[in-house]
Amino acid sequence: MSFDFIANEAKWRSNWANDESNTVDVNAMEDKYYVLVMFPYPSGDRLHMGHWYQYGLMDTWVRYQRMQGKNVFFPMGFDAFGLPAENYAIKHGIHPDISTTKNVNYMLEQFEKMGVSYDFNYKVDTSKPDYYKWTQWIFSTLYKNGLAYKKEAPVNWCPGLNTVLANEQVIDGKDERTGYEVVQKNLAQWFFKITDYAEKLLDNLETLDWPSKTVAMQSNWIGRSEGTEIEFAMEGHDWNFKVFTTRPDTLFGVTYVTFAPEHQKVLEITTDEQRDSVQDYIEQTAKMKEVDRLSTAKEKTGVFTGAYAINPVNGEKIPIWISDYVLVTYGTGVVMGVPGHDERDFAFAEAFNLPCRKVIQEPNTELSSTLKSAYTEPGIVLNSGKYDGMNSLEMKTKITNDLESNGKGQKKVNFRLRDWLVSRQRYWGAPIPIINCPNCGEVLVPEDQLPVLLPENVEFKPTGESPLRNCEEFYHTTCPKCGGPATREVDTLDTFVCSSWYYMRYPDAHNQAQAFDKDITYKMLPVDKYVGGPEHACMHLLYARFVNMVMHDLGYVPTAEPFTSLTHQGMILGPDMQKMSKSKGNAISPDEYVENFGSDILRLYLCFGFNYVEGGPWSEGGFKSASRFAERCARLMEEKVELLTSSLPEQSYSSADKKLLYVLHNSIKGVNQDTQRFMFNTSIARLMELYNAITDYENNSTAETINNFLMQQTLKTFLVLLSPFMPHFCEEWWQLSGEQQSIFNQKFPAHDNQFLQLDEIKMAVMINGKRRDEVTVSASSTEDQVLNVALDSTKVQKHLEGMQIIKQIFVKGKLINLIVKPS
RNA sequence: GCCCAGGUGGCGGAACUGGUAGACGCGUUGGACUUAAAAUCCAAUGUCCUUUGGACGUAUCGGUUCGAUUCCGAUCCUGGGUACCA
């Protein structure tokens, strides 16, 4: 008769639900430990294997932390707004609220079957008015503090459908569904002024316990660069324009200037002869993606405008071009072209036969005036008037100061980071709480009129405007200021706005009067451990930090940073090493495995088969290995059930006992160390070693000595060690071993060093860095003693024949390395 | 293209700050049990060779070091992100 994992799980799920063992009261909580896992978005799908991996294993981690005595707050919710539900509605005519709610309910069932200990009493759903009311409040708060504004920005416009498309809907410049060509079009959009916080977002990074790769990515994304803004005069116009450069030392090498094709002034400066080609080029550029525009592998394209600028340092007349490698969103939207000392400029000048002037000489080389490629390193300045002979690094400061005193330029810090575009021309999102009044202009909806409810009956006709525009009873309203007729903002908020503050809402999830009570956020924030995918490194994680910083500045939260410590989980791939997807047919459904094998075994496999941070491909064989181990454990417990409940005297330890105790304590040590740092796979490996040691002990014992106190205690410790990884299974056997309390109320075992002390150890003997033998020596051996034992080895002697030892390296407890040469 | 990771047996993966590469497991092979199979248990298992021994081996090439999977440089490949998927 074998153990019924599935029936056992059903029993404990209902027991745990009845005694509410998963829920905490934040008001009564002392010394909180807030563990947050990025919430799932039910807008498109249900929980898949990746979610199981993320949420199931974090439950294991949290169970472990609780058994370490931490008071864990471990909430869960749903990021329910988003594009997939809306697309589903367009395709199938099912309202997003219906499809999303259905998915949420299904996911809740899945979570239940997982046997996880998330606290659903603090659940949030971002698509419900009791949540998005406060998302709107976040918008209002930013707006009131001058951090939300409206300006024109380009969007992916599908002229065939009259709609805005998401980047992922545009494939090769075409709408993926209809094949219509997509162009960039300017629309008025709402932005959050995240750039105001660029410096602080960058500086604070070093205070965070985050993966270094995430810090590096965010730091590059913010992209601080120090340089100089230089003013160029226009020939034949009475205005100037600015360029930003990090290389003012190459100013004498400028042979042309390039505007971004979208730059406002382009059509103004273009001469009549050039107008047609410039206009063509602008249209072409509008069809391109930014990634392609910036590719340095792509051949450079551009058009001459017919206009000229004046170099402020030498009065030279230089041609003005437009080219797609210049972006209107970065710097001033104009760059100075220095073919001699910038690779892209070099390629551009080569393509259009523009002159290339050398103004920096490589140090320690013969002076020559020709350049075969751009020289981008520092060097000695030449062809630069009074700066000739200077070191180019020195010249940077000098010329910037000179330009500053002439009023022709200034030092400038530039960021690559752009303001956060938060408006979406979509239905399934939180409405932006703004009213446009013909008399009063842009008016914020007063707090007591929030939430601005998302109307239910909306048609998704492509009219070129947000779907909400078609809902007349939503669109037409009265102005909160003057009471006259007015219209509502019809754009909705980016779902990243919803997820930028959810961790503030969780501890006070049911507050009707405010987004959160300050006393509670001060008590419960910041999040102590945040876990989610690395794909969020630059967007969600940056947006959340920004919103938290603003809230901190306004006194709502205790710290500037929301997430003290961060870990990323890896991705579970299909057996074919590809990302799982329905369309590829390589998706593995967790539900099936839960039904056939039980959630403990699925969890055990996910723990054992992967490095948590890296993920990897699903493997049937790997799953089987977990299932076999689980069954072996069940057999062991079944055999020993009588022993577990007997009362036995303590004993003195034989050498076999000591061997078992060594493995036991080594496993305890390993499981503690590894689980803490998310190395679930090696934790399980240590438990397998312990299992093997238990069976070895049995095989080498006599009938009288098998069922002793040590065996009983080892088995019970084994159960506690395994409990975070197989919660239902261990809870059952803990109870069957006569315990009244839940196993999860146990303190997690700690190892005792006295059982890990070995009298004898094995050390490697190396000759010229190659391992030649292994010797057994007493653990306290000195270098000389080890050398003597090593020299006794015939293997070693063989390698020493005709050699003399010229050096020896001794690493205590590890090896001795003899360096020899022929004598 | 740019930013950031990763590349270790037939496979999943170990190896803490440079110190015995391949823990743990899957698979395979052989054996035990069985009428037989499954399950289970035991043993072997990086590759190659002239096999009581030895050479090679952590994507490739090079460097630093007594010693490199680990540090440095170059190259190739795979993955994540690239601002409207979340």
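Lettering follows sequence order; numbering is per chain, from 1.
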Task: Any A/W428 side-chain heavy atom under 4.5 Å of A/L83 side chain - done: no
- [ ] Give A/W420 one of three labels, base, sugar-phosphate or nothing, depending on what nucleic acid heavy atoms sit under 4.0 Å from its own.
- [x] nothing
Open item on the list: I want to check something: taking the side chain as every heavy atom from C-beta on, are A/L202 and A/S219 in contact at a cut-off of under 4.5 Å?
Closed with: yes
Task: Side chain to side chain, A/M679 and A/N681, heavy atoms closer than 4.5 Å - done: yes
TODO: Determine the interplanar angle of the A/H540 and A/F563 rings, folded into 0 to 90°, and report it as parallel if under 30°, tilted if 30 to 60°, perpendicular if over 60°.
DONE: tilted
Task: Neighbours of RNA chain B within residues 490-501 of chain A, by heavy-atom distance under 4.0 Å - done: A/T495, A/F496
- [ ] Describe the nucleic acid contact of A/Q808 in one word from base, sugar-phosphate, nothing, applying a heavy-atom distance below 4.0 Å.
- [x] nothing
Task: Syn/anti state of B/G9 by chi, 90° boundary around 0 - done: syn
TODO: Pick the C1' atom in B/A21 and in B/C76, then give their distance to the nearest Å.
DONE: 24 Å
Open item on the list: Would you measure the distance from the C1' atom in B/G12 across to the matching atom in B/U20 and give it in whole Å?
Closed with: 24 Å
Task: Minimum side-chain heavy-atom gap A/E631-A/F5 below 4.5 Å - done: yes
Show me the donor-acceptor pairs within less than 3.5 Å that the side chains of residues 610-619 of chain A make with the rest of the protein, sequence neighbours left out.
unit_1	atom_1	unit_2	atom_2	d
A/N611	OD1	A/V613	N	3.0
A/N611	OD1	A/E614	N	3.3
A/Y612	OH	A/Q54	O	3.3
A/W618	NE1	A/E620	OE2	3.0
A/S619	OG	A/G621	N	3.4
A/S619	OG	A/G622	N	2.8

- [ ] Determine whether A/H751 and A/N753 make a side-chain contact, defined as any pair of heavy atoms from C-beta on separated by less than 4.5 Å.
- [x] yes
Task: Same-atom distance (P) from B/G73 to B/U64, integer angstrom - done: 15 Å
- [ ] Specify the residue among A/G621 and A/F81 whose closest nucleotide of RNA chain B lies further upstream toward the 5′ end.
- [x] A/G621
- [ ] Identify whether any heavy atom of A/L417 sits under 4.0 Å from a base atom; if not, whether one sits that close to sugar-phosphate; answer base, sugar-phosphate or nothing.
- [x] base
- [ ] Check every strand shown and say whether A/R632 touches a base, only sugar-phosphate, or nothing at a heavy-atom separation below 4.0 Å.
- [x] sugar-phosphate
Open item on the list: Please report the distance separating the P of B/A15 from the corresponding atom of B/G7, rounded so that it comes out in whole Å.
Closed with: 12 Å
Open item on the list: Using 30° and 60° as the class boundaries, would you call the ring planes of A/W420 and A/F546 parallel, tilted or perpendicular?
Closed with: perpendicular
TODO: Report the residues that fulfil salt bridge (charged side-chain N to carboxylate O under 4.0 Å, His left out) with A/D79, sequence neighbours left out, ordered by chain and then residue number.
DONE: none
Task: Residue whose nearest RNA chain B nucleotide is more 5′ - A/N817 or A/V291 - done: A/V291
TODO: Compare all side-chain heavy atoms of A/E262 with those of A/Q184 and state whether any distance is below 4.5 angstrom.
DONE: no
- [ ] Taking Watson-Crick and G-U wobble pairs with both distances under 3.5 Å, convert RNA chain B into its dot-bracket string, 5' to 3', dots for unpaired and | for cross-strand pairs.
- [x] (((((((..(((......[....)))((((((.......))))))((((...))))..(((((..]....))))))))))))....
Task: Ring centers of A/F623, A/F597 separated by less than 6.0 Å - done: yes
Open item on the list: Applying a 4.0 Å non-hydrogen cut-off, can you work out what A/S423 is touching in the nucleic acid: base, sugar-phosphate, or nothing?
Closed with: base
- [ ] Classify the nucleic acid contact of A/K770 as base, sugar-phosphate or nothing, counting any heavy atom under 4.0 Å across all strands shown.
- [x] sugar-phosphate
- [ ] With heavy atoms under 4.0 Å as the rule, sort A/I809 into base, sugar-phosphate or nothing.
- [x] base
- [ ] With C1' as the reference atom in both, quote the distance from B/A14 to B/U8 in angstrom, rounded to an integer.
- [x] 10 Å
Open item on the list: At 4.0 Å (heavy atoms only), tell me whether A/M679 reaches a base, stays on the sugar-phosphate, or touches nothing.
Closed with: sugar-phosphate
Task: Cation-pi, A/W52 ring and A/R603 (6.0 angstrom, 45 degrees) - done: no
- [ ] Using a 4.0 Å heavy-atom cut-off across all strands, classify A/R628 as base, sugar-phosphate, or nothing.
- [x] sugar-phosphate
- [ ] Report the residues that fulfil salt bridge (charged side-chain N to carboxylate O under 4.0 Å, His left out) with A/D324, sequence neighbours left out, ordered by chain and then residue number.
- [x] A/K298
Task: Separation between the C1' atoms of B/U35 and B/G25, rounded to whole Å - done: 33 Å
Open item on the list: Counting the atoms with a prime plus P, OP1 and OP2 as sugar-phosphate, which does A/R416 contact under 4.0 Å by heavy atoms, base, sugar-phosphate, or nothing?
Closed with: base
Task: Segment of RNA chain B, first to last nucleotide, that comes within the 4.0 Å heavy-atom reach of chain A - done: B/G1 to B/A86
Open item on the list: Please classify B/U51 as syn or anti, treating any glycosidic angle within 90° of 0 as syn.
Closed with: syn
Task: Euclidean distance for P, B/A59 against B/U70 (whole angstrom) - done: 8 Å
Task: Residues, nucleotides or ligands: over 12 heavy atoms within 6.0 Å of A/Y180 OH - done: no
- [ ] Under 4.0 Å between any heavy atoms, over every strand shown, what does A/D292 touch: base, sugar-phosphate, or nothing? Just pick one.
- [x] nothing
Task: Touch class at under 4.0 angstrom, heavy-atom based, for A/H536 against every strand present - done: base
- [ ] For A/V164, report the nucleic acid contact type (base, sugar-phosphate, nothing); a contact means any heavy atom under 4.0 Å.
- [x] base
Open item on the list: Categorize A/K814 for me: base, sugar-phosphate, or nothing, with a 4.0 angstrom heavy-atom threshold over every strand shown.
Closed with: base
Task: Integer angstrom distance from the P of B/G57 to that of B/A43 - done: 32 Å
